[in-house]
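Okay, structure first, notes after.
In what follows, every chain begins at residue 1, and chains take the letters A, B, ... in the order their sequences are listed.
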Protein chains: 2
Amino acid sequence: MTSPTHQDGFCCAAHSGSDSMAAILETAETRARVQGARLTPVRRRTLEILLQAHGALGAYEVLEKLAAEGYGTQPPVAYRALNFLVEHGLAHRIRRLNAFTACAQPDHDHRAAFLICETCNSVTEADADLLCRALDQAAQAAGFQLDRATIEAVGQCRACQDAPE
Amino acid sequence: MTSPTHQDGFCCAAHSGSDSMAAILETAETRARVQGARLTPVRRRTLEILLQAHGALGAYEVLEKLAAEGYGTQPPVAYRALNFLVEHGLAHRIRRLNAFTACAQPDHDHRAAFLICETCNSVTEADADLLCRALDQAAQAAGFQLDRATIEAVGQCRACQDAPE
DNA sequence: GCCTTTTGTGTTATTATATAACATGTCGAT
DNA sequence: ATCGACATGTTATATAATAACACAAAAGGC
Ligand SMILES: [Zn+2]
Ligand SMILES: [Zn+2]
Ligand SMILES: [Zn+2]
Ligand SMILES: [Zn+2]
């Protein structure tokens, strides 16, 4: 079930053009090959599903679509594909939503932060390299050796602020 | 089940002294009363349980302890108490761990970041006001109106770095 | 090519996490 | 004493994630 507020014409900039989707898929292929990983049909299709989605998708939502297309029907099918994508930098896991979203910049390694709109459920990926550097320093001050971080902001996206109510 | 690496003498600075625990409970009482909320026995006991814990505790771990002491035995009992504590700034939810931890500075409103040690499972609360300001700016640049944020870092705490292996 | 090893796909079954809905109890204010 | 608001407890259910196993496809050595 997609959020109703998200139906009417609006779509995240990052995912709107089918051009950019094709480009991202292309990048994904390349990136996977470089890493010695195989972007198999299920995995590729899973990435497409995420790219086409407006917000982030739960594993079971992805599973539903995969199953409808003749892939496996059981949870591990979705979780495996999704975990593969996350591990290879092609998708991100949004912990607050128990959901996954396609990476918007799969062409390079990066730390990401996510802006989650409470009104329309859109999820926007923002560059967090700077933020992570600050976090890293704060951590180091505490003697903590940082490996990776989750940064998820909750609020209202521009479109929903502008909307009358 | 607590992590075995956490048994032997080491304990998070914030929670170690029973003095500081008493002090925090005192503060909690006050804070709750000021907010017009009641720190009832289950709620208070839940906070104590979190304070005594080394890492963060899952809701079902908390429930087990509550049940053993004659409180309710069903999930909502734990979830309600935990949500109360979170809503009133007396505890935090750690999404990456599906767990909860007592707030280390319940005396004032603050944004917190968490340093999660992968080796010993300790969770340290760090002040994130500065970080959140940076995040806020980044968000504003994207036209996003930030309400609250989750910042969770994963890595190794000082104790575990120093440990031989 | 053929065999072996590794990786991937699918299944069933189970575990873990969280909430809905409802009944009863407590407490303070009128 | 009665009322309303809140708190606690229950049963039942929803939602999310993994374990363990069977088989299939691909990669690599010969
Ligand atoms: Zn990304
Ligand atoms: Zn929005
Ligand atoms: Zn805190
Ligand atoms: Zn540690």
Side-chain angles (χ1 to χ4, degrees), chain A residues 1-3 29 32-47 49-50 55-88 90-101 121 150 152, chain B residues 1-2 29 32-33 35-47 49-50 55-88 90-101 121 150 152:
Chain A
M1 204 75 17
T2 325
S3 106
E29 292 269 20
R33 211 168 315 121
V34 166
Q35 295 183 0
R38 294 161 51 203
L39 191 60
T40 61
V42 219
R43 292 169 176 172
R44 187 190 162 97
R45 186 69 193 111
T46 299
L47 178 53
I49 289 170
L50 289 183
L57 292 184
Y60 282 75
E61 291 177 292
V62 171
L63 178 60
E64 223 176 306
K65 307 204 187 220
L66 289 175
E69 297 177 25
Y71 294 101
T73 62
Q74 301 306 314
V77 169
Y79 281 103
R80 280 198 288 240
L82 289 166
N83 285 332
F84 172 90
L85 295 175
V86 170
E87 274 158 25
H88 291 81
L90 303 176
H92 298 282
R93 185 170 201 153
I94 312 294
R95 304 214 85 110
R96 178 172 287 265
L97 303 177
N98 291 328
F100 299 81
T101 189
N121 290 116
T150 301
E152 295 173 1
Chain B
M1 210 69 21
T2 325
E29 292 269 21
R33 211 168 316 120
Q35 295 182 0
R38 293 162 52 202
L39 191 62
T40 61
V42 220
R43 292 169 176 171
R44 186 189 162 98
R45 187 67 193 114
T46 300
L47 179 54
I49 288 170
L50 290 183
L57 292 183
Y60 282 75
E61 292 177 292
V62 171
L63 178 59
E64 222 175 308
K65 307 204 188 221
L66 288 175
E69 298 176 23
Y71 293 102
T73 62
Q74 300 306 314
V77 169
Y79 280 102
R80 280 198 289 239
L82 289 166
N83 286 332
F84 172 89
L85 295 176
V86 169
E87 274 158 27
H88 291 80
L90 304 175
H92 298 282
R93 185 171 201 153
I94 313 295
R95 305 215 81 113
R96 176 172 289 264
L97 303 177
N98 291 327
F100 299 81
T101 189
N121 290 117
T150 300
E152 295 172 4

Taking the nucleotide of DNA chain C with the nearest heavy atom to each, does A:Arg38 or A:Asn98 sit closer to the 5' end? A:Arg38
Heavy-atom pair of closest approach, residues B:Ala99 and B:Gly58: CB-N, 4.0 Å
A:Thr73 side-chain N/O to C:dG10 phosphate OP1/OP2 under 4.0 Å: no
Residues which pass side chain to side chain donor-acceptor pair (under 3.5 Å) with A:Gln35, listed by chain and number, not counting sequence neighbours: none
Taking CZ from B:Arg80 and P from C:dC22, how many angstroms apart are they, rounded to a whole number? 14 Å
Non-neighbouring partners of A:Glu29 that pass side-chain contact (heavy atoms from CB on, under 4.5 Å), sequence neighbours left out: A:Arg33, A:Leu39, A:Arg44
Is there a side-chain contact between B:Arg80 and B:Asn83 in this structure, where contact means two heavy atoms from C-beta onward sitting under 4.5 Å apart? no
Tell me: CG of A:Leu39 to C1' of C:dT7, nearest whole Å? 15 Å
Heavy-atom pair of closest approach, residues A:Val42 and A:Thr46: O-OG1, 2.7 Å
Once you round to the nearest 0.5 Å, how far does CG of A:Leu50 lie from CG of A:Leu57? 5.5 Å
A:Arg95 and B:Thr150 side chains, donor-acceptor separation under 3.5 Å: no
In whole Å, what is the span from the NE2 atom of A:His88 to the C1' atom of C:dG8? 13 Å
Could you check whether B:Arg95 gets within reach of a base, just the sugar-phosphate, or nothing at all, counting any heavy atom under 4.0 Å? nothing
Which pairs would a plain distance check flag for residues 69-79 of chain B, meaning a side-chain donor or acceptor within less than 3.5 Å of a matching protein atom at least two apart in sequence or in another chain?
from    : atom 1 : to      : atom 2 : distance (Å)
B:Glu69 : OE1    : B:Arg45 : NE     : 2.7
B:Glu69 : OE2    : B:Arg45 : NE     : 3.3
B:Glu69 : OE2    : B:Arg45 : NH2    : 3.0

Range on DNA chain D touched by chain A - first to last nucleotide, heavy-atom distance under 4.0 Å: D:dA16 to D:dA26
Assign each of A:Gln74 and B:Gly72 to its nearest nucleotide of DNA chain D by heavy atoms, then name whichever residue's nucleotide is nearer the 5' end. B:Gly72
For B:Phe84, all residues meeting ring-ring contact (aromatic ring centres under 6.0 Å, His included), sequence neighbours excluded: B:His88
Have a look at the helix from C:dG1-D:dC30 to C:dT30-D:dA1 and give the angle its two end axes make, five pairs each, rounded to 10 degrees. 30°
Between B:Val77 and A:Tyr79, whichever has its closest DNA chain D nucleotide further toward 5' is B:Val77
B:Tyr71 OH to C:dG25 P: how many Å, rounded? 19 Å
